[in-house]
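Below you'll find the structure, written out as structure tokens, and then a few comments.
Just so we're clear, the structure is a prediction, and the values are computed from it rather than from any experiment. Residues: numbered from 1 along the sequence shown.
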Amino acid sequence: MIRSADSLRRALVVAGLVLSAAMVVRAQVGGDQLNLLARGWMWAARGELVPYGNPLSSGGNGPGALTTVLAGAPLFAWMDHRAPVVLTWLAHLAAFLLLDRSLARHLSAGERLAFVALYWLNPWRLEPSAFLWNPNYLFLAGAVHLATAFGSRERPRFGLSAAHVLALGLAFQLHPGTLLLAALSGLLWWRGYFRPHWGGVAAGALVALATLAPWLAAARAHPEILAAAQGFPFRGLAYLFPLVKGMLYLVRYPSLALNSQTTRFDFTESFGAATDRFLAPFASAALAVAGVLSVLAALAALWVFFRGRRPFVRWSSGGRPEPGRDWLEGYAALAFVGA
């Protein structure tokens, strides 16, 4: 039974990888992608390293040159708009392998199979693996965050602490949503789930700051690239809908309640316009039903998970029958609190 579950799990991992690769081949570009590709092209073709990221909705640009590096480095090997997407595809593979390695000894064969289905084959992950966009790199940052914190759950380790902080510093150059991971790190340390090596923390922070040197020089010369958030600190907490919407993603991500851009079905190329008029509405209706049912299943799972659980309980490996598993459950609970 265990052997058959492992064989099926490996087959599904390969299937997900192939499906993502097919999507990479068909990757298209829009406004955000052209913005990133322009930065990459300026570096690969003209040797100009743009030291800041995409424009932010609050004004200014994202800090750091990492956006340019990730979009431009693959163009040195292949001057094609899909080249940076291949790097995203590889980043998603690395994230899965890192997560699977961290979870392997603490989940049953059936649970590892469920993880492949709910994470690796999830459309919410498949789609970001196959087009160029800053948040799509955060899957790897999140995996590094979990793996380094998990490896430091019992004693401080210099290398893991350095990698943990460096991952946060680099990911913040890509998307401000990294603040969620930073908040989670603070909660993990406070509750004893993460035992940082302060020398490693300092080393990771110094390296992360060093990567910002070109951006700091550019910001001094051109202050307009600095982010200029409007309003007042924590303004987002004053608006209920965005806050609730963000929390609801905890239910939506493991479900098939996909966004409208992902579910615009068009079968005309394969079956013709006449068949598309029947297939597209049928597919949309089927997915709507699957979305509702899967959201209800996710809500039920969360109810079982959080029932009687106190997310702020301190963690200790002493006297626990499954300390690694218990840690992972606490990590998940604190991640919700951090969000």
Would the number of heavy atoms belonging to other residues, nucleotides or ligands and lying under 6.0 Å from [atom1] of [X] be above 12?
X	atom1	value
Glu224	CD	yes
Phe282	CZ	no
Trp198	CH2	yes
Trp189	CH2	no

Side-chain heavy atoms of [X] within contact of [Y], under 4.5 Å:
X	Y	result
Asn61	Asn54	no
Phe150	Tyr331	no
Trp303	Phe305	no
Val116	Val13	yes
Leu75	Pro84	yes
Leu93	Leu97	yes
Trp215	Leu226	yes
Leu113	Asp6	no

[atom1] of [X] to [atom2] of [Y]: how many Å apart, nearest 0.5 Å?
X	Y	atom1	atom2	result
Leu103	Leu328	CG	CG	5.5 Å
Phe271	Leu279	CZ	CG	6.5 Å
Leu334	Leu184	CG	CG	6.5 Å
Leu256	Thr263	CG	OG1	11.0 Å
Glu127	Met23	CD	CE	6.0 Å
Asn259	Arg264	CG	CZ	9.0 Å

Trace of the side-chain contact (heavy atoms from CB on, under 4.5 Å) decision for Trp124 with Arg252: CA-CA 9 Å; Trp124 284 105; Arg252 194 175 180 186; 3.3 Å; yes

Worked check of side-chain contact (heavy atoms from CB on, under 4.5 Å) between Arg125 and Ser20: CA-CA 9 Å; Arg125 188 213 63 84; Ser20 288; 3.4 Å; yes

Should [X] and [Y] be counted in the same cluster of Ile, Leu, Val, Met, Phe, Trp and Tyr side chains packed under 4.5 Å apart?
X	Y	value
Leu17	Val25	no
Leu206	Val201	no
Leu140	Leu146	no
Leu12	Leu126	no

Any donor-acceptor N/O pair, [X] side chain to [Y] backbone, under 3.5 Å:
X	Y	result
Thr262	Leu258	no
Ser294	Gly291	yes
Arg112	Leu107	no
Thr68	Val50	yes
Arg10	Ala5	no

Can you check whether [X] and [Y] have ring centres sitting under 6.0 Å from each other?
X	Y	result
His164	Phe194	yes
Trp120	Phe96	yes
Phe306	Phe336	yes

Residues Phe131, Gln28; criterion side-chain contact (heavy atoms from CB on, under 4.5 Å); working and verdict: CA-CA 7 Å; Phe131 74 98; Gln28 301 179 30; over 6 Å; no

Ring pair (Phe, Tyr, Trp, His ring centres under 6.0 Å) against His92, all qualifying residues, sequence neighbours excluded: Phe139

Glu111/Arg325 ion pair, N-O < 4.0 Å: yes

Parallel, tilted or perpendicular: rings of Tyr119 and Phe115 (30°, 60°): parallel

Closest heavy-atom pair and its distance - [X], [Y]:
X	Y	result
Ala203	Phe158	CB-CZ, 3.8 Å
Leu132	Asn136	C-ND2, 4.4 Å
Ser255	Val295	OG-CG2, 3.6 Å
Leu181	His145	O-NE2, 3.1 Å
Ala27	Ala130	CB-O, 3.5 Å
Leu98	Ala147	CG-CB, 3.8 Å

Per-pair distances, 0.1 Å, donor-acceptor, side chain in residues 166-177, under 3.5 Å, sequence neighbours excluded:
from	atom 1	to	atom 2	distance (Å)
Gln173	OE1	Ala65	N	3.4
Gln173	OE1	Leu66	N	3.2
Gln173	NE2	Thr211	OG1	2.9
His175	ND1	Gly177	N	2.9

Working for side-chain contact (heavy atoms from CB on, under 4.5 Å), residues Asn122 and Tyr253: CA-CA 8 Å; Asn122 194 319; Tyr253 278 149; 5.6 Å; no

Ser152 versus His197, side-chain donor and acceptor atoms under 3.5 Å: no

